[in-house]
Amino acid sequence: MKKRIAIFASGSGSNAQKIMEHFKYDGQAEVALILSNNPDAYVLQRADNFEVPTHVFDRHALYQTDEIVNLLAKLQIDLVVLAGFLWLVPQNLLDKYPNKIINIHPALLPAYGGKGMYGDRVHQAVLHAGEEESGITIHFVNEQFDEGEIIYQARFRIEPNDGLEVIKFKGQQLEHLHYPKVIENLLKRM
Ligand code: GRF
């Protein structure tokens, strides 16, 4: 049986899109579900385009019930992938998927991570600090924001004239290139 991936996303879902594209014709794994806390997230449209089922949930469902854990079990999900998901993962989910929940962060952790460090704020902090490089980090998820064990990092140079949009773009290119491959390699070892 193919390995089954669930993706959690709160927003646009460009990474989710690349992952769905990557596994669309794959014999080993498939994206079985997209979950979002945001009913207006564009990622839900992207999922529809790939005919991947979706599930929208609220805070109560995630933090006070076993609804999500039960749904993942029912769908026999092997790996949980966070792609622009902004809420902390609750303990019941961490317990059910030890070392099987991963996240992508648009900077070189452990720098520029933690609560509130998402989206443009990350890149702005990197620019403000005058860094000469930035990058992406793919890591296991634990009970803290951006603190689980690092699985993979990729870097890019920040040129003197690079502004927010440029470094955002450079980071996104790396995310789109590497996240699907890292997922594929992890699944091979599972
Ligand atoms: C990415 O930059 C990722 O690193 C961060 O959230 C962003 C999601 O972008 N965790 P998208 O929704 O996949 O386009």
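Indexing begins at 1, ligand by ligand and atom by atom, following the structure's order. Numbers here are sequence positions counted from 1. For clarity, every value in this text was computed on a predicted model and none was experimentally measured.
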Return the closest protein heavy atom for atom 12 (O) of ligand 1 as residue, atom name and distance. G13 N, 2.7 Å
What residue and atom, counting heavy atoms only, is the protein's closest point to atom 9 (O) of ligand 1, and at what distance? N15 ND2, 3.8 Å
Examine ligand 1 and decide if any of its atoms is less than 4.0 Å from a heavy atom belonging to A9. no
Name the orientation class of the two ring planes belonging to F57 and W87 (parallel below 30°, tilted from 30 to 60°, perpendicular beyond 60°). perpendicular
Donor + acceptor pair across side chains of [X], [Y] (<3.5 Å):
| X | Y | result |
| --- | --- | --- |
| S14 | H176 | yes |
| N142 | E147 | no |
| R46 | S12 | yes |

NZ/NE/NH1/NH2 to OD/OE distance under 4.0 Å, K168 and D120: yes
Less than 4.0 Å between a side-chain N and a carboxylate O, is that true for K18 and E21? yes
S14: numbered ligand 1 atoms lying under 4.0 Å from its heavy atoms: 11 (P), 12 (O), 13 (O), 14 (O)
E175 heavy atoms, cut-off 4.0 Å: which ligand 1 atoms fall inside? 1 (C), 2 (O), 3 (C), 4 (O)
So which of P106, A41, G84 gets nearest to atom 6 (O) of ligand 1, if we judge by its closest heavy atom? G84
In terms of its nearest heavy atom to atom 5 (C) of ligand 1, the top option of I7, I104, V43 is I104
Any N/O of N103 closer than 3.5 Å to an N/O of ligand 1? no
